[in-house]
Novice: 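Shown below is the structure under consideration.
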Amino acid sequence: QKVTVEVLDHLERLALVDFRDAEGVQRLQEAIQFADQLQEVNTDGVEPMDSVLEDRCLYLREDDVTEGNCTKELLKNAKEKVEEYFVAPPGNIPLPKLEERETFLQGS
Amino acid sequence: RPQRGLSLQVSAALKEGRVTATELCQRCLSLIRSTKFLNAYITVAEETALKQAEESEKRYRAGQQLGVLDGIPIAVKDNFNTAGIETTCASNMLKGYISPYNATVVQKLLDQGAVLLGKTNLDEFAMGSGSTDGVFGPVRNPWSYSRQYKKKSVPKSHSEDKESNWVITGGSSGGSAAAVSSFTCFAALGSDTGGSTRNPAAHCGVVGLKPTYGLISRHGLIPLVNSMDVPGILTRCVDDAAVVLGSLAGHDPKDSTTIQDDFKPFELPNLTDVRKLSIGIPKEYHAPGLSSEILAVWSKAADLFENAGAKVTEVSLPHTRYSIVCYHVLCTAEVASNMARFDGLEYGHRSDMNKSTESMYAATRREGFNDVVRGRILSGNYFLLKQNYENYFIKAQKVRRLIANDFVKVFGSGVDILLTPTTLSDAVPYMEFIKEDNRTRSTQDDILTQAANMAGLPAINVPAALSERGLPVGLQFIGRSFQEKQLLTVAKWFEKQVKFPMIQLEEVKRHDNDVFQHQKSASFS
């Protein structure tokens, strides 16, 4: 069962990462095939396990401010900034559709 | 062989003034320079290391040393944040990223006076089992240059470059393992999600400890799989691992997944009587592809325990063969989530693409991540799609519980420690390793180490013997949750029995090893 181009496109948009070439798509196919082996295991009545520490209470500390005031430090690593802001390109613009953007999937 | 830990002996030497912290640091730095071809280090923090060594020396002179680790040179895998020092995760995405803070484990070591020599090489974002897939190139196993390996390797022809014969370190903490194995530091931090500390430890002939999940803080360790990652400890002997563990373990308010129980550092007893010990040999670990050599070493070890009076029984962990499939789904799913933070806005690489945030993020990630990382992100996103969530992600979480329960049953039946091989074979030559892709390799190589991460259990690789090719073969001990003292005690007993040979590195000049003569001449009975 091959993954459709629609799903591949959808994944590229969700992940904001590209398949790049046929090898990339093939890699996903193999990953799915590999994961399908899980269906062989009988998990009736078994609860999913989120964490090996599920029997313990998560630590919650007091709601006191113990650190902060490190704006300068944090901004040091940003490439584009203005005063105390990180600068991003305009938002709310969706990625171009499959036919219009540069992606290996166009050929498929 | 030293009775007590190497770092304990060096510590004694520092205290008695037989060597100074600065001398120690300088020799390690010089050794790093002369073993540059191993490519174990990404960043060498020479200036800061010497400064730390100087401070340590002052403390020793004033009789105010901080503890056993004061003045001891260490290295840290490059996926731990280190303040003021570049942290790259061997990826273009973080090239040039200078951490604004220290990971808790790094801070703890520095607070003990340890001297941070540098950051070690790894597979990009710790994804891989060879330490071959980082942007700074592969790490070479120091044993490739050992007398033991060289005398066993037959050159195929005159024209064959002896250089092309070198073997991998395993991964993903290969740089740390190579650094410890080649004497450039006394201990190194790695990380372990599927075996990334134990695998290279086995191939490089060093001790590799994966602590219980929740024992050591992950704050500052750039995450791969939040529910399985742990910081790993690599040393040349089990005692040293216990010393480092002692300084790292314990609750961290900055990591809510660390348990709140009090942790008391311990010194390992010299176990002499193993008759009360029950060792389990899980039959499923006789996996397809296990070399006959390693099978023999494993058998011999089981016999060793039995002949010494321990109870050795075959046990079963029936879901073992699904562990790697389960890991594959859970790992890629968590990776898909964890890698979402890399968008170029706040830190790391940022593409010049400026049309929109979406296209900037996409371009940044296209430019910053290698094939392996991108592949896992895409797979993870597939398994997390609404139509797949139940059948893949939830299913894998259910299988995880079955795997964890397998261990609970076995330990519940009276078994104290499990004994298994760590890897399927000794280290393969790089040229052979790269013939298969990363995912295939990881799948094959993690098979024996992965289940311990699923169940969150502590596990340790102890070097056991040399293979026919003169390369290290290690064995793995898996213990009960939070029973590191018992695990390490048994590991130490085993280490004493096998007397694993010291690497004979020809490239390393004799006098650079003088600093280690101290451990031989130290008078501890």
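Quick note on labels: first sequence line is chain A, next is B, and so on, each numbered from 1. These figures come from a predicted structure and were not determined experimentally.
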Novice: So what's closer than 4.5 Å to chain A heavy atoms on D252(B): side chain, backbone, both or neither?
Specialist: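 Interface part for D252(B): neither.
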Novice: Which answer fits F482(B), side chain, backbone, both or neither, if we ask what part of it has an atom under 4.5 Å from a heavy atom of chain A?
Specialist: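 The answer is the side chain of F482(B).
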Novice: Heavy-atom distance under 4.5 Å to chain B: side chain of V87(A), backbone, both or neither?
Specialist: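 Contact with chain B involves the backbone of V87(A) alone.
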Novice: Name the region of C70(A), side chain, backbone, both or neither, that has any atom closer than 4.5 Å to a heavy atom of chain B.
Specialist: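 Neither part.
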Novice: Of the backbone (N, CA, C, O) and the side chain (C-beta and beyond), which part of A396(B) lies under 4.5 Å from a heavy atom of chain A, both, or neither?
Specialist: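 Both parts, backbone and side chain.
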Novice: Would you say that M360(B) contacts E80(A) through its side chain, given a criterion of any heavy-atom pair below 4.5 Å between the two side chains?
Specialist: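 Side-chain contact under 4.5 Å: no.
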Novice: Verify, without hydrogens or angle tests, whether K395(B) (side chain) and V41(A) (backbone) share a donor-acceptor contact under 3.5 angstrom.
Specialist: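 It does hold such a pair.
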Novice: Between the main-chain N or O of T43(A) and the side-chain N or O of K398(B), is there a donor-acceptor pair closer than 3.5 Å?
Specialist: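 It does not hold such a pair.
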Novice: Under a 4.5 Å cutoff for heavy-atom pairs, which residue among E40(A), K81(A), E12(A) has the most contacts with chain B?
Specialist: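 Among the listed options, the one with the most contacts to chain B is E40(A).
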Novice: Measure N391(B) against the heavy atoms of chain A and call it side chain, backbone, both or neither at under 4.5 Å.
Specialist: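 For N391(B), heavy atoms of backbone and side chain both lie under 4.5 Å from chain A.
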Novice: Based on non-hydrogen pairs under 4.5 Å, which of A35(A), G24(A), A78(A) is most in contact with chain B?
Specialist: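 Winner by heavy-atom pair count: A35(A).
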Novice: Who wins among D18(A), V7(A), L28(A) for the most heavy-atom pairs under 4.5 Å with chain B?
Specialist: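 Of the options given, most contacts go to D18(A).
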Novice: Against chain B, work out which of V3(A), L14(A), L53(A) has the most heavy-atom pairs shorter than 4.5 Å and name it.
Specialist: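 Heavy-atom pair counts peak at L53(A).
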Novice: Does a side-chain heavy-atom distance below 4.5 Å link Q37(A) with V329(B)?
Specialist: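 Side chain of Q37(A) against side chain of V329(B), heavy atoms only: no contact under 4.5 Å found.
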Novice: Which atoms of E62(A) are under 4.5 Å from chain B, going by heavy atoms: the side chain, the backbone, both sets, or neither?
Specialist: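 Neither part; nothing is under 4.5 Å.
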Novice: Contact between D36(A) and Y392(B) at the side-chain level, heavy atoms closer than 4.5 Å - yes or no?
Specialist: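 SC-SC contact between D36(A) and Y392(B) confirmed.
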Novice: Does L16(A) offer a backbone N or O that forms a donor-acceptor pair with the side chain of R365(B) under 3.5 Å?
Specialist: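 Present.
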Novice: Closest approach of P89(A) and R350(B), non-hydrogen atoms and distance?
Specialist: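 The pair with the smallest heavy-atom distance is CD-NH2, 3.6 Å.
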Novice: Evaluate the criterion side chain to side chain contact (heavy atoms under 4.5 Å, CB included) for residue pair D261(B) and R56(A); output intermediate values, then yes/no.
Specialist: CA-CA 11 Å; D261(B) 302 1; R56(A) 294 172 184 260; 3.3 Å; yes
Novice: I need the minimum non-hydrogen distance between G96(B) and N77(A), along with the two atoms involved.
Specialist: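 That closest heavy-atom pairing would be O-OD1, 4.4 Å.
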Novice: Is there side-chain contact between L385(B) and H10(A), with heavy atoms separated by less than 4.5 Å?
Specialist: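 Yes, at least one pair of side-chain atoms sits under 4.5 Å.
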Novice: What are the two closest non-hydrogen atoms of P100(B) and L74(A), and how far apart are they?
Specialist: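 Taking every non-hydrogen atom into account, CG-CD2, 4.3 Å.
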Novice: Checking E54(A) against chain B: side chain, backbone, both or neither under 4.5 Å from a heavy atom?
Specialist: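 It is the side chain, since no backbone atom gets that close.
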Novice: Might you point out which heavy atoms bring R401(B) and E47(A) nearest each other, and give the distance in Å?
Specialist: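 Taking every non-hydrogen atom into account, NE-O, 2.6 Å.
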Novice: What part of D50(A) gets within 4.5 angstrom of chain B, counting heavy atoms only: side chain, backbone, both, or neither?
Specialist: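 Both parts, backbone and side chain.
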Novice: If you compare all heavy atoms of Y382(B) against all heavy atoms of L11(A), which two are closest, and at what distance to 0.1 Å?
Specialist: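 Y382(B) and L11(A) have their closest heavy atoms at N-CD2, 3.5 Å.
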Novice: If you measure only the distance, is there a donor-acceptor pair under 3.5 Å linking the side chains of Y101(B) and E73(A)?
Specialist: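 Short answer, no.
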Novice: Are any side-chain N or O atoms of R20(A) and backbone N or O atoms of R366(B), one a donor and one an acceptor, separated by less than 3.5 Å?
Specialist: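 The answer is yes, because a donor-acceptor pair under 3.5 Å joins these two groups.
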Novice: Measuring from atom CE of M49(A) to atom CD1 of I403(B), what distance do you get when rounded to the nearest 0.5 angstrom?
Specialist: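 M49(A) atom CE to I403(B) atom CD1 measures 10.0 Å (nearest 0.5 Å).
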Novice: How about M339(B) and V17(A): do any of their side-chain heavy atoms sit closer than 4.5 Å?
Specialist: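 M339(B) vs V17(A): side chains apart.
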Novice: Is L58(A) in contact with chain B via its backbone, its side chain, both, or neither, using a 4.5 Å heavy-atom distance?
Specialist: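 Looking at L58(A), backbone and side chain both touch chain B.
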Novice: Find the distance between OG (S351(B)) and NZ (K79(A)) and round it off to the nearest 0.5 Å.
Specialist: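 The NZ atom of K79(A) is 7.5 Å from OG of S351(B), to the nearest 0.5 Å.
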Novice: Less than 4.5 Å apart, any side-chain heavy atom of Y59(A) and any of T258(B)?
Specialist: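 Sidechains of T258(B) and Y59(A): no contact.
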Novice: Only pairs of heavy atoms separated by less than 4.5 Å count here; which of V373(B), L378(B), V399(B), N381(B) has the most with chain A?
Specialist: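 The residue among V373(B), L378(B), V399(B), N381(B) with the greatest pair count is L378(B).
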Novice: Please identify, among I377(B), L330(B), I259(B), the residue contributing the most non-hydrogen atom pairs under 4.5 Å to chain A.
Specialist: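 Winner by heavy-atom pair count: I259(B).
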Novice: Closest heavy-atom contact between V52(A) and M454(B)?
Specialist: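 Looking at all heavy atoms of both residues, the shortest contact is CG1-O, 3.4 Å.
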